Novice: 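First the structure, which I've put down as structure tokens, then a few questions once you've had a look.
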Amino acid sequence: MLAVPIVLALTLASDPLSALEAKADGLKSAGREKTYAIRREIGEGVRKLVSQDKLKSGEDFRRAAKVWPALDNEFEDARIRYELVLVAVALDDRPARDLIRPNWDSLMAAQGRPQRFGTVLEAPDLPRQPFDPVPKGVEAAYRGVPSTSTADDKEVQAIVDADQAARQGDFTKMTVKQIEEMVEGDRKRLARIKEIVTGPTLQTANDFFNAALTMQHGSTVLDIVMAHELAVSSVLRGDTKSARWLAAASYDRMLRYGGHRQRFATQYDMEGLQRVDTDGINDRMRQAMKCPTLAQAKKRVLR
């Protein structure tokens with residue numbers, strides 16, 4: 001008679017997410033007065049697993065994202081859920097790829113921005129959800145549609161080479177004229193990349209990465225949103241080098257543009273690392289995105 005409880009206890013010990021999944025399943029039959037309490041238990045449970053570094057694999061992060069409940073703050077809930085999915089994708093959990101589009105749309109909607117993939121369902125009693133669709137190339141990458149070319153685009157490469165060359169040297173020693181020339185060059189490169197992104201040019205992981213690297217130097221929230229989408233497209237196309245870091249950096253920059261604290265600790269100003277919100281995120285997640293640990297990020301000195 002003791003065998004089943006012992007087996008169950010061992011299962012829960014080796015797979016702590018299973019208990020939270022059981023609670024989530026129980027929500028379907030829970031009364032209204034118990035639903036909120038159960039959701040809070042699940043949310044605190046996921047936070048605890050993250051803080052104790054219990055989530056290891058892409059599958060773990062995907063499962064944690066799927067049980068993350070709706071609590072008090074729509075933006076915070078959408079943000080944490082999206083980050084869990086993003087890390088699962090970075091760790092090459094294939095099923096997580098189907099979750100990234102709807103969770104990105106949910107995060108956009110939670111910030112009052114148009115959804116990008118049209119996955120957020122409309123409710124009869126709510127206003128129509130604004131929709132600003134991603135370029136077709138990004139849509140194809142997110143949906144896993146195979147690229148039609150294995151050759152990197154030479155113009156995109158030339159643009160990013162010029163973009164990076166303009167950023168060599170010590171910014172603190174640049175003259176006003178040099179800064180103005182860099183800004184004007186950024187404007188022209190960004191305008192051309194925007195034209196390219198809307199067409200069929202971008203195919204390879206490197207194409208998407210190069211476009212993202214240029215786009216992140218834009219001046220609007222949509223520029224940074226697109227930079228993130230392009231970086232994620234590069235990850236989905238198989239980039240194993242820098243696209244994960246760029247996805248994290250563009251994500252942090254987007255949060256900063258919206259008045260929120262960053263999450264992956266990638267953004268600096270002249271005084272050092274900008275403020276980081278550490279709730280529901282840990283160094284394993286940062287390292288999955290090819291970012292330094294928080295302690296390492298705090299020690300970095302910009303020159």
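Because the structure is predicted, anything quoted here is derived from the model rather than measured. Residue indices begin at 1 and follow the sequence shown.
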Novice: Distance only, no hydrogens: is a donor on one side chain within 3.5 Å (strictly under) of an acceptor on the other, for Tyr36 and Arg40?
Specialist: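 Yes, Arg40 and Tyr36 have a side-chain donor paired with an acceptor closer than 3.5 Å.
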Novice: Trp68: which residues meet the ring pair (Phe, Tyr, Trp, His ring centres under 6.0 Å) condition with it, sequence neighbours left out?
Specialist: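 Not a single residue meets the ring pair (Phe, Tyr, Trp, His ring centres under 6.0 Å) criterion with Trp68.
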Novice: Testing Asp98, Ile80, Ile100 for side chain to side chain contact (heavy atoms under 4.5 Å, CB included) with Val85, which one passes?
Specialist: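 Option passing the side chain to side chain contact (heavy atoms under 4.5 Å, CB included) with Val85: Ile100.
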Novice: Can you find a heavy atom in the side chain of Glu181 that is under 4.5 Å from one in the side chain of Lys177?
Specialist: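 SC-SC contact between Glu181 and Lys177 confirmed.
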Novice: Any luck finding a side-chain donor-acceptor pair between Thr214 and Asp163 under 3.5 Å?
Specialist: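 The answer is no; no qualifying pair exists.
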Novice: Any side-chain to backbone donor/acceptor pair from Arg275 onto Arg261? Under 3.5 Å, distance only.
Specialist: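 Answer holds: no.
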Novice: Pair Ser242, Lys290 - check side chain to side chain contact (heavy atoms under 4.5 Å, CB included), show working.
Specialist: CA-CA 7 Å; Ser242 303; Lys290 298 297 184 182; over 6 Å; no
Novice: Between the side chains of Gln157 and Asn206, is a donor N or O closer than 3.5 angstrom to an acceptor N or O?
Specialist: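 A pair is found: one side chain offers a donor N or O, the other an acceptor, under 3.5 Å apart.
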Novice: Kindly give the heavy-atom pair with the smallest separation between Ala231 and Ala212, and that separation in Å.
Specialist: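 So the minimum-distance heavy-atom pair works out to N-CB, 3.6 Å.
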Novice: So which heavy atom on Thr204 is nearest to which on Ser149, and how close?
Specialist: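 Scanning both residues completely, I find the closest heavy atoms to be CG2-O, 3.7 Å.
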Novice: Test your reading of the model: is there a side-chain donor-acceptor pair from Gln296 to the backbone of Arg300, 3.5 Å cut-off?
Specialist: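 Checked: no pair found.
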Novice: Could you give the distance from CD (Gln262) to CZ (Phe264), rounded to the nearest 0.5 Å?
Specialist: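 Rounded to the nearest 0.5 Å, the CD-CZ separation comes out at 10.5 Å.
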Novice: Would Leu27 end up clustered with Leu17 when hydrophobic side chains under 4.5 Å apart are linked, directly or stepwise?
Specialist: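 Both belong to a single hydrophobic cluster.
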Novice: Just how far is it from atom NZ of Lys34 to atom OG of Ser29, taken to the nearest 0.5 Å?
Specialist: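 OG of Ser29 is found 9.0 Å from NZ of Lys34.
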Novice: Please check if any side-chain donor atom of Thr148 sits under 3.5 Å from a side-chain acceptor atom of Gln203, or the reverse.
Specialist: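 Yes, a side-chain donor-acceptor pair sits under 3.5 Å.
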Novice: List the steps, then state whether salt bridge (charged side-chain N to carboxylate O under 4.0 Å, His left out) holds for Arg47 with Glu76.
Specialist: CA-CA 12 Å; Arg47 279 188 169 94; Glu76 181 181 276; 2.9 Å; yes
Novice: Excluding sequence neighbours, so at least two apart, what forms salt bridge (charged side-chain N to carboxylate O under 4.0 Å, His left out) with Arg116?
Specialist: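 Expected list: Asp132, Glu229.
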Novice: Identify whether Trp245 and Met215 are in the same connected component of the hydrophobic contact network (ILVMFWY, side-chain heavy atoms under 4.5 Å).
Specialist: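 Hydrophobic grouping puts Trp245 apart from Met215.
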Novice: To check you understand the geometry: which heavy-atom pair defines the closest contact between Val87 and Ala288, and what is its length?
Specialist: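 For Val87 versus Ala288, the nearest heavy atoms are CG1-CB, 3.8 Å.
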Novice: Answer yes or no: is there a donor N or O on one side and an acceptor on the other, between the side chain of Asp186 and the main chain of Arg189, under 3.5 Å?
Specialist: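 No, the answer is negative, given that no donor and acceptor are paired below the 3.5 Å cut-off.
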Novice: Might you work through the side chain to side chain contact (heavy atoms under 4.5 Å, CB included) test for Arg286 and Thr293, ending with a clear yes or no?
Specialist: CA-CA 6 Å; Arg286 294 185 183 95; Thr293 66; over 6 Å; no
Novice: Distance check, rounded to the nearest 0.5 Å: Thr201 atom OG1 versus Ile196 atom CD1?
Specialist: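 Output value for this atom pair is 6.0 Å.
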Novice: Spell out, as yes or no, whether a donor-acceptor pair under 3.5 Å connects the side chain of Asp60 to the backbone of Lys56.
Specialist: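 It does hold such a pair.
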Novice: Within this structure, what is the CE-CE distance for the pair Met254 and Met226, rounded to the nearest 0.5 Å?
Specialist: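 Result: 14.5 Å between the selected atoms.
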Novice: Walk me through it: do Arg79 and Asp277 pass the test salt bridge (charged side-chain N to carboxylate O under 4.0 Å, His left out)?
Specialist: CA-CA 11 Å; Arg79 183 196 64 185; Asp277 185 341; 3.1 Å; yes
Novice: Indicate yes or no: at least one non-hydrogen side-chain atom of Arg263 is less than 4.5 angstrom from one of Met289.
Specialist: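 They are not in side-chain contact.
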Novice: Would you say Leu55 and Arg284 make side-chain contact, with heavy atoms under 4.5 Å?
Specialist: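 They are not in side-chain contact.
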Novice: Judged by atom type as modelled, is there a donor-acceptor pair below 3.5 Å linking the side chain of Tyr268 to the main-chain atoms of Ala297?
Specialist: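 Side chain of Tyr268 to backbone of Ala297: a pair is present.
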Novice: Does the Asp223 side chain pair with the main chain of Gln216, one donor and one acceptor, at a distance under 3.5 Å?
Specialist: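 Pair absent, no side-chain N/O of Asp223 close to backbone of Gln216.
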Novice: Scan residues 173-227 for pairs that pass ring pair (Phe, Tyr, Trp, His ring centres under 6.0 Å), counting only residues two or more places apart or in two chains.
Specialist: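 For residues 173-227: none.
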Novice: When rounded to the nearest 0.5 angstrom, what is the spacing between CE in Met285 and CG in Asp53?
Specialist: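 One finds 10.5 Å between CE of Met285 and CG of Asp53.
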Novice: Between the side chains of Gln267 and Arg253, does any donor sit under 3.5 Å from an acceptor?
Specialist: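 There is such a pair (donor and acceptor under 3.5 Å, judged by atom type) between the side chains of Gln267 and Arg253.
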Novice: Mind checking whether Leu213 and Tyr251 sit in one hydrophobic cluster, side chains of I, L, V, M, F, W, Y counted as touching below 4.5 Å?
Specialist: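 The answer is no; the residues belong to distinct hydrophobic clusters.
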Novice: So Leu86 and Trp104, do their side chains get closer than 4.5 Å, heavy atoms only?
Specialist: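 No, every pair of side-chain atoms sits at 4.5 Å or beyond.
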Novice: May I ask whether Leu246 and Ile281 are part of the same hydrophobic cluster, defined by side-chain heavy atoms of I, L, V, M, F, W, Y residues being less than 4.5 angstrom apart, directly or through others?
Specialist: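 No, no single cluster joins them.
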Novice: Quick check: does any side chain N or O of Asp105 sit under 3.5 Å from a backbone N or O of Gly118, one acting as donor and the other as acceptor?
Specialist: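 At least one qualifying donor-acceptor pair exists.
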Novice: Should Val145 and Leu236 be regarded as members of a common hydrophobic cluster, given that ILVMFWY residues are connected when their side-chain heavy atoms come within less than 4.5 Å of each other, either directly or indirectly?
Specialist: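 In one cluster: no.
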Novice: What closest approach, in Å, do Pro95 and Arg62 show between heavy atoms, and which atom pair accounts for it?
Specialist: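 Here Pro95 and Arg62 meet closest at CB-NE, 3.5 Å.
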Novice: Any chance you could lay out the side chain to side chain contact (heavy atoms under 4.5 Å, CB included) test for Arg97 and Asp92, step after step, and finish with the verdict?
Specialist: CA-CA 9 Å; Arg97 295 180 173 220; Asp92 203 27; 3.9 Å; yes
Novice: Check step by step if side chain to side chain contact (heavy atoms under 4.5 Å, CB included) holds for Phe61 and Leu49.
Specialist: CA-CA 10 Å; Phe61 285 101; Leu49 292 178; over 6 Å; no
Novice: Centroid separation under 6.0 Å, is that true for the rings of Tyr82 and His228?
Specialist: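 For His228 and Tyr82, the ring centres are under 6.0 Å apart.
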Novice: Looking at CG of Asp252 and OG1 of Thr266, how far apart are the two atoms once the value is rounded to the nearest 0.5 Å?
Specialist: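 The distance works out to 3.5 Å.
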Novice: Under 4.5 Å between any side-chain heavy atoms of Ser233 and Tyr142, yes or no?
Specialist: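 Result yes, sub-4.5 Å side-chain heavy-atom pair found.
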Novice: Closest approach of Ile38 and Ala30, non-hydrogen atoms and distance?
Specialist: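 That would be CD1-CB, 3.8 Å.
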Novice: Whether the side chain of Glu139 engages the backbone of Arg143 through a donor-acceptor N/O pair (distance < 3.5 Å, no angle test) should be reported.
Specialist: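 Flag not set: sc Glu139 to bb Arg143 has no pair under 3.5 Å.
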Novice: Salt bridge (charged side-chain N to carboxylate O under 4.0 Å, His left out) between Arg192 and Glu155: does it pass, once the steps are laid out?
Specialist: CA-CA 10 Å; Arg192 179 55 185 147; Glu155 182 184 4; 2.6 Å; yes
Novice: Has the side chain of Gln164 got a donor or acceptor atom that lies under 3.5 Å from a matching backbone atom of Asp161?
Specialist: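 No.
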Novice: Does Ile193 reach the side chain of Val160, with side-chain heavy atoms less than 4.5 Å apart?
Specialist: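 Sidechains of Val160 and Ile193: no contact.
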Novice: Just wondering, do Lys188 and Ile159 contact through their side chains at under 4.5 Å, heavy atoms?
Specialist: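 Ile159 vs Lys188: side chains apart.
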Novice: Using the salt bridge (charged side-chain N to carboxylate O under 4.0 Å, His left out) rule, take Glu184 and Arg187 through it: C-alpha gap first, then chi angles, then the decisive distance, then the call.
Specialist: CA-CA 5 Å; Glu184 178 61 16; Arg187 187 191 65 78; 2.7 Å; yes
Novice: Kindly indicate whether the side chain of Lys48, heavy atoms from C-beta on, has any atom under 4.5 Å from the side chain of Glu44.
Specialist: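 They are not in contact (no side-chain heavy atoms under 4.5 Å apart), so the answer is no.
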Novice: Between Asp207 and Asp152 (side chain of the first, backbone of the second, donor and acceptor by atom type, cut-off under 3.5 Å), is there such a pair?
Specialist: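 Between the backbone of Asp152 and the side chain of Asp207 there is no qualifying donor-acceptor contact (under 3.5 Å).
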Novice: For Arg256 versus Gln274, what's the shortest heavy-atom pair and its separation?
Specialist: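 In terms of heavy atoms, the two residues are closest at NE-OE1, 2.8 Å.
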